[in-house]
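First the structure, in the form of structure tokens, and then the observations on it.
The sequence lines fix the lettering, A, B, ..., with proteins before strands; numbering per chain opens at 1.
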Protein chains: 2
Amino acid sequence: MEIDNPAPPIAGQSPVTLRTLADRLGLHVSTVSRVLHAPPDEQLRAASKATVQRIRALADELGYRPNPHATSLRTRRSNLVGVLVPRLSDIVLATIYEGIEESAAEHGLSTFVTNTRDVPDVQRARTEMVLDRRVDGMIFGDAYVDGAFLDRVAARNVPFVLVSRRAGAHVSVTCDDYAGGRLAAEHLLSLGHRSVAVIAGEPYASTGIDRTAGFVDTFAEAGIEVPTGRIRHSRFDARGGRVAADDLLSTELGGDRPITALFAVNDFAAIGVLGAARDRGLAVGSDLSVVGFNDTPLAAELPIPLTTVRSPMRQMGRRGLELLVRRMQGEPVESERLAPALMVRATTGGAPGRKPGNGGPKAPAR
Amino acid sequence: MEIDNPAPPIAGQSPVTLRTLADRLGLHVSTVSRVLHAPPDEQLRAASKATVQRIRALADELGYRPNPHATSLRTRRSNLVGVLVPRLSDIVLATIYEGIEESAAEHGLSTFVTNTRDVPDVQRARTEMVLDRRVDGMIFGDAYVDGAFLDRVAARNVPFVLVSRRAGAHVSVTCDDYAGGRLAAEHLLSLGHRSVAVIAGEPYASTGIDRTAGFVDTFAEAGIEVPTGRIRHSRFDARGGRVAADDLLSTELGGDRPITALFAVNDFAAIGVLGAARDRGLAVGSDLSVVGFNDTPLAAELPIPLTTVRSPMRQMGRRGLELLVRRMQGEPVESERLAPALMVRATTGGAPGRKPGNGGPKAPAR
DNA sequence: CTGAAAGCGCTTACAG
DNA sequence: CTGAAAGCGCTTACAG
């Protein structure tokens, strides 16, 4: 069904150029360009009122759209921003990117995004690809906390900012992850939990590192040490959470006091924890409390709604783009940390008594 | 920490042009262009062996990278593909896009993607934006089944293909959603379910329409009619699924036989169903069976692993891009439907006896 | 085997 | 108020 369609042509892809307009109007292309290019208030300086009107009328009629390649070539600005994320299929990054895109559209910028899967070689290759496209700036959502690679990017004078994860002294917009970890800890402490563990995410991501640190420090201030063996790295997805939780919940047979609460630095990992708990016959919210992070839309809709720390994902993206724009204009900008918020739901409850876990040897009171 | 860094400059963003190379080598830019542009096997025709070597050596040394804006302007090809999706924060679309991107990279194409939220005005505006960028082709993941808007795009001679959803006679790569609906129905029939309902997704999306049709037709063939009142449209997320399930599970108080199984055309909607079931004290897998669609990674990791119909999301994206490439080369291409697969897990079980549902009036045997 | 020319579509001082 | 020129960086027939 190739269509013969009387609808008005939607503009774009048209062969109408400045030359087309100029010729039809008996003007020079430079005049047309000046008029079409000037902001509305300056158009009077660009040409006579009558000329301006004629030009604009014809441009509208023919659906003139400037060729961005020609403009970019000439002006050396592409109005393009390149965005790197570990994976768009992670809803956290996808939501951050939606914020970036929204804000970019408001600034007349186009974005393009690419997945690096947190693989350094891919990060390098995609950065090259993005730079080859002559973007005006970049946003990295996949920073390794050491920042070595980003140091090299900075050396090339490409303006960029980080979102979601911080690294070295590079400008970043993150959630205040440390504060978020504290919120989770304070909540569990207030419920009487003393024997807890952390599913900490990937070791190279500041998100997991800072959330874990805030959590552990808060317990330490309450006089409770979270043993190293109870902090497990993991992938940032449900399977990663389940694997880590299986691990933590079975090694506790070794004699420690049983774990009564688990903090997962990511909602999806927390969902994996829920599965591991169920497999062991632990009732979530009573036998075992679980706290996640991010408050993804799923959290509130789970059969047992998930207690979690909300991070302003979309806002992080919006703000990251805004800082980038300021940076591209040469302004100095500083890193920002957006406030998290605790969302108490059904996966957390009072710490159970000191009964030992599911059939293991009795844990000695410490 | 602005870095003074002895690392070798990563290529890109460099001011090195063909002219730079030509001047340093005492050659004409056209010679340099020819050599750098020709495929390796044809370079002998482009210049002498020695010249070729000198050019390539210097290009490598200086990190020459062609300016894509100049190339696009001159060749009228941008090597850019524009992709429209409802929302990247839907893991289904994000995964399809990952497939598109992967395949595009293999074809030397860059993609850029934008969210339209299934809002027609936004679809139009974003299409314009993408076309203004002079893409060589487009992929739509947000088609309305009627295809009216796409007819107008087709009239402009932009090569495009659809993924995920079909529309009109436009070329698309979809899951065989009708077959997928049949798989879900056959599974439930084999378990003895006779009183079922469907959470059908948005009315404009072929995915939900076809999955529902396959399901309903299969029940009809078994002599069982699924009443219209038991087919509910919904958003494609957990909240949408919960709302629709709440609705279905409470109206059944009206006197019908109680629903023993629910088919949600999307895993996230199915998760919402799980929540609604729990709220009513229904045991999923015994009191109520639930089947989802897509087999997103979360499905297998849920506390009660979800029975669902797997759709080849990434593959759909890859294949969509491949068809687009063929289309851009002027080859005729046909729509494709990729095979779904049933994944039986724990949310489905034998139909319970004819006891009435949670406290409602007894349902008359039909 | 290599060079010279033309031109893709735009913008931007500079003249007048 | 408008025009003419130059040039952004590339590619592609065409000559020789």
Side-chain angles (χ1 to χ4, degrees), chain A residues 11-39 42-56 58-59 62-80 131-134 136, chain B residues 11-39 42-56 58-59 62-80 131-134 136:
Chain A
Q13 201 93 327
S14 68
V16 179
T17 68
L18 286 185
R19 158 121 277 119
T20 318
L21 301 180
D23 287 354
R24 307 246 302 214
L25 293 169
L27 291 167
H28 195 266
V29 291
S30 64
T31 306
V32 180
S33 172
R34 235 179 294 124
V35 167
L36 258 20
H37 183 258
E42 288 183 27
Q43 283 183 352
L44 310 169
R45 281 184 22 209
S48 72
K49 198 157 186 176
T51 306
V52 170
Q53 305 244 297
R54 289 171 62 219
I55 292 174
R56 298 185 70 73
L58 188 63
L62 300 186
Y64 169 74
R65 317 256 64 188
N67 182 317
H69 302 120
T71 302
S72 297
L73 180 57
R74 179 58 231 231
T75 62
R76 295 151 172 292
R77 293 202 72 227
S78 62
N79 289 117
L80 236 37
L131 257 17
D132 284 353
R133 281 269 164 204
R134 304 300 199 269
D136 292 334
Chain B
Q13 202 91 325
S14 66
V16 179
T17 67
L18 286 185
R19 160 121 276 118
T20 317
L21 301 179
D23 287 353
R24 305 248 301 213
L25 294 169
L27 292 166
H28 195 266
V29 292
S30 65
T31 306
V32 179
S33 172
R34 235 180 292 124
V35 167
L36 259 19
H37 185 258
E42 286 184 26
Q43 285 183 351
L44 311 169
R45 279 185 23 211
S48 72
K49 197 158 188 177
T51 306
V52 169
Q53 304 244 298
R54 289 172 61 219
I55 292 174
R56 299 185 70 73
L58 188 64
L62 301 186
Y64 169 75
R65 319 254 63 189
N67 183 316
H69 301 120
T71 304
S72 297
L73 179 58
R74 178 60 230 234
T75 62
R76 294 150 171 293
R77 292 202 71 227
S78 62
N79 290 118
L80 237 37
L131 257 17
D132 284 352
R133 281 268 164 204
R134 305 299 200 268
D136 292 334

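Under 4.0 angstrom from either OP1 or OP2 of D:dC8 there lies no side-chain N or O belonging to A:Thr75. In this model, the phosphate group of D:dT11 is approached by a side-chain N or O of B:Ser33 to a distance below 4.0 Å at OP1 or OP2. The side chain of A:Arg76 places an N or O atom within less than 4.0 Å of a non-bridging phosphate oxygen (OP1 or OP2) of D:dG9. Regarding contacts with the backbone of D:dA4, every side-chain N or O of A:Ser30 stays at 4.0 angstrom or more from both OP1 and OP2. Contact annotation: B:Ser72 does not reach the phosphate of D:dC10 (side-chain N/O to OP1 or OP2, under 4.0 Å).
Across the protein-nucleic acid pair, B:Tyr64 atom OH and D:dC10 atom P stand 3 Å apart, rounded to whole Å. Distance NE2 (B:His28) to C1' (D:dC14): 13 Å, rounded to an integer number of Å. One interatomic measurement links the two molecules: CG of B:Leu21 to P of D:dC10, which rounds to 8 Å at whole-angstrom precision. Between the CG atom of A:Leu73 and the P atom of C:dG7 there is a distance of 17 Å, rounded to whole Å.
Between the side chains of B:Thr17 and B:Thr20, at least one donor N or O lies within less than 3.5 Å of an accepting N or O.
The side chain of A:Arg74 has C:dT12 as its nearest neighbour among D:dG9, C:dT12, D:dT11. The A:Arg34 side chain lies nearest to D:dT2 when the options are D:dG9, D:dT2, D:dA13.
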